[in-house]
There are 2 protein chains.
Amino acid sequence: MQPDRGAAPAGQLDDLDRRLLSVLAEDAAVTNKALADRLGLAESTCAYRVRALREAGVVTGTRAQLDLALLGYPLQAIVKVRLGSHTMANVNQLYAALAAAPGVIQAFHLAGADDFHLHVAVEDAAALRDFVLRHVTTHRVVRQTETHLVFEVRRGAGVLDRPA
Amino acid sequence: MQPDRGAAPAGQLDDLDRRLLSVLAEDAAVTNKALADRLGLAESTCAYRVRALREAGVVTGTRAQLDLALLGYPLQAIVKVRLGSHTMANVNQLYAALAAAPGVIQAFHLAGADDFHLHVAVEDAAALRDFVLRHVTTHRVVRQTETHLVFEVRRGAGVLDRPA
DNA sequence: TGTGAAATATAACGCTA
DNA sequence: TAGCGTTATATTTCACA
């Protein structure tokens, strides 16, 4: 068992870690050499820190980002879902079903009047209607839905670009 | 519901492309060899298709996914924003400012009563109040905001797991 | 589709401030 | 203790046949 050489524990991220994560959050495919050069680090140091961040669970994975319009799903919407009954079994079961519905990008479980917000991508308006009728309102526990067209989604600044 | 054929990029996406994208969407760091093995392709063929998808713009990039709670931002919220004036200049300028605000993960521009939904991650309740007061309500064009705690966010099934 | 050269990643080590 | 430079080894990528 290797004694850890100060592997960055989850609670103590320094500014260097934040800059590393900031780059990786934008482009996870960057090579270790390029990353090291960009931050003025030695390659060995850079590789070590990145691995430590991975092992600490700060980096949970890497995902390819897709152009949904090019894939044939140019229409996006937010579907607000309100329940009639809030037993834990109802909520959990519905949440799983909604998240698994085809076309759902993200499913938010919220506090407030709306129980869930579904961010969905579909082919066209007809497909959107079909989605709601088929995968949302069919559940008996769903009392009400409200669907809003998404004009545009932008990635935000994220949490890393803060003043240290 | 038939997906219309007009929306596809230069090369039509076949079922193989969808399976490639499905894997890459879950783990962009998968090696070409592993990806080829998993789909029963030759490595060179697999590499060629992935590159073609990249060049076609279907894959727009790869991003590291971070554990926001471990980073020190365990609280997430949806901030609904309503405007008082909807001139194009107002909307565009505000949208840019909101998306650039620290802590914003995603910014949705919507049709309907709410103009924007901001998905934000913050340190605690005080930071959430601070975020709204400092980066949202300070803009004169903002008429009203409404903030909802996010219990949980789940990744949805996405658009690729549909019946072909 | 297959192959081999070049690039890259990984892990270990001693050294330095 | 954290960073650096180096080494050796394994793996991956990419152009070309």
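To find a chain, count down the sequence lines: A is the first, B the second, and so on, and within it residues start at 1.
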Which residues in residues 33-47 of chain A have a heavy atom closer than 4.0 Å to any atom of DNA chain C?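 The stretch gives A/K33 as the residues lying under 4.0 Å from the strand, ordered by number.
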Review item, side-chain donor-acceptor pairs of residues 119-127 of chain B, under 3.5 Å, at least two apart:
{"residue": "B/H119", "atom": "NE2", "partner": "B/Q76", "partner atom": "OE1", "Å": "2.7"}
{"residue": "B/E123", "atom": "OE1", "partner": "A/R162", "partner atom": "NH1", "Å": "3.3"}
{"residue": "B/D124", "atom": "OD1", "partner": "B/A126", "partner atom": "N", "Å": "3.2"}
{"residue": "B/D124", "atom": "OD1", "partner": "B/A127", "partner atom": "N", "Å": "2.9"}

Residues pairing under side chain to side chain donor-acceptor pair (under 3.5 Å) where one sits in residues 59-72 of chain A, two or more places apart or in two chains, turn out to be A/R63-B/E26, A/R63-B/Q65, A/Q65-B/R63
Nearest to the side chain of B/T31 - D/dT12, C/dT8, D/dG3?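 Minimum distance to the B/T31 side chain belongs to D/dT12.
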From the candidates D/dT13, C/dA9, D/dG3, the one with an atom nearest any side-chain atom of A/L16 is D/dG3
Roughly how many Å is it from [atom1] in [X] to [atom2] in [N], rounded to a whole number?
X	N	atom1	atom2	answer
A/R54	C/dA9	CZ	C1'	12 Å
A/N32	D/dT11	CG	C1'	15 Å
A/Y48	C/dA9	OH	C1'	17 Å
A/R49	D/dT1	CZ	P	15 Å

Given axes from five pairs at either end, by how many degrees does the helix from C/dT1-D/dA17 to C/dA17-D/dT1 bend, rounded to 10°? 30°
Has B/R51 got a side-chain N or O lying under 4.0 Å from the OP1 or OP2 atom of D/dA15? yes
For residues 84-113 of chain B, which residue pairs qualify under salt bridge (charged side-chain N to carboxylate O under 4.0 Å, His left out), counting only residues two or more places apart or in two chains? none
Test of understanding: with ring-ring contact (aromatic ring centres under 6.0 Å, His included), list the residues that count as partners of B/Y48, not counting sequence neighbours. none
Residue pairs fulfilling ring-ring contact (aromatic ring centres under 6.0 Å, His included) with at least one residue in residues 141-161 of chain B, sequence neighbours excluded: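 Applying ring-ring contact (aromatic ring centres under 6.0 Å, His included) to every pair that reaches into residues 141-161 of chain B, excluding sequence neighbours, yields A/H109-B/F151.
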Residues in salt bridge (charged side-chain N to carboxylate O under 4.0 Å, His left out) with B/R143, at least two apart?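 Per chain and number, B/R143 pairs via salt bridge (charged side-chain N to carboxylate O under 4.0 Å, His left out) with no residue.
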State which residues pass salt bridge (charged side-chain N to carboxylate O under 4.0 Å, His left out) with A/R54; sequence neighbours excluded, sorted by chain then number. none
Thinking salt bridges, do A/D14 and A/R18 make one under a 4.0 Å N-O criterion?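 Judged by the 4.0 Å cut-off on N to carboxylate O distance, A/D14 and A/R18 do not form a salt bridge.
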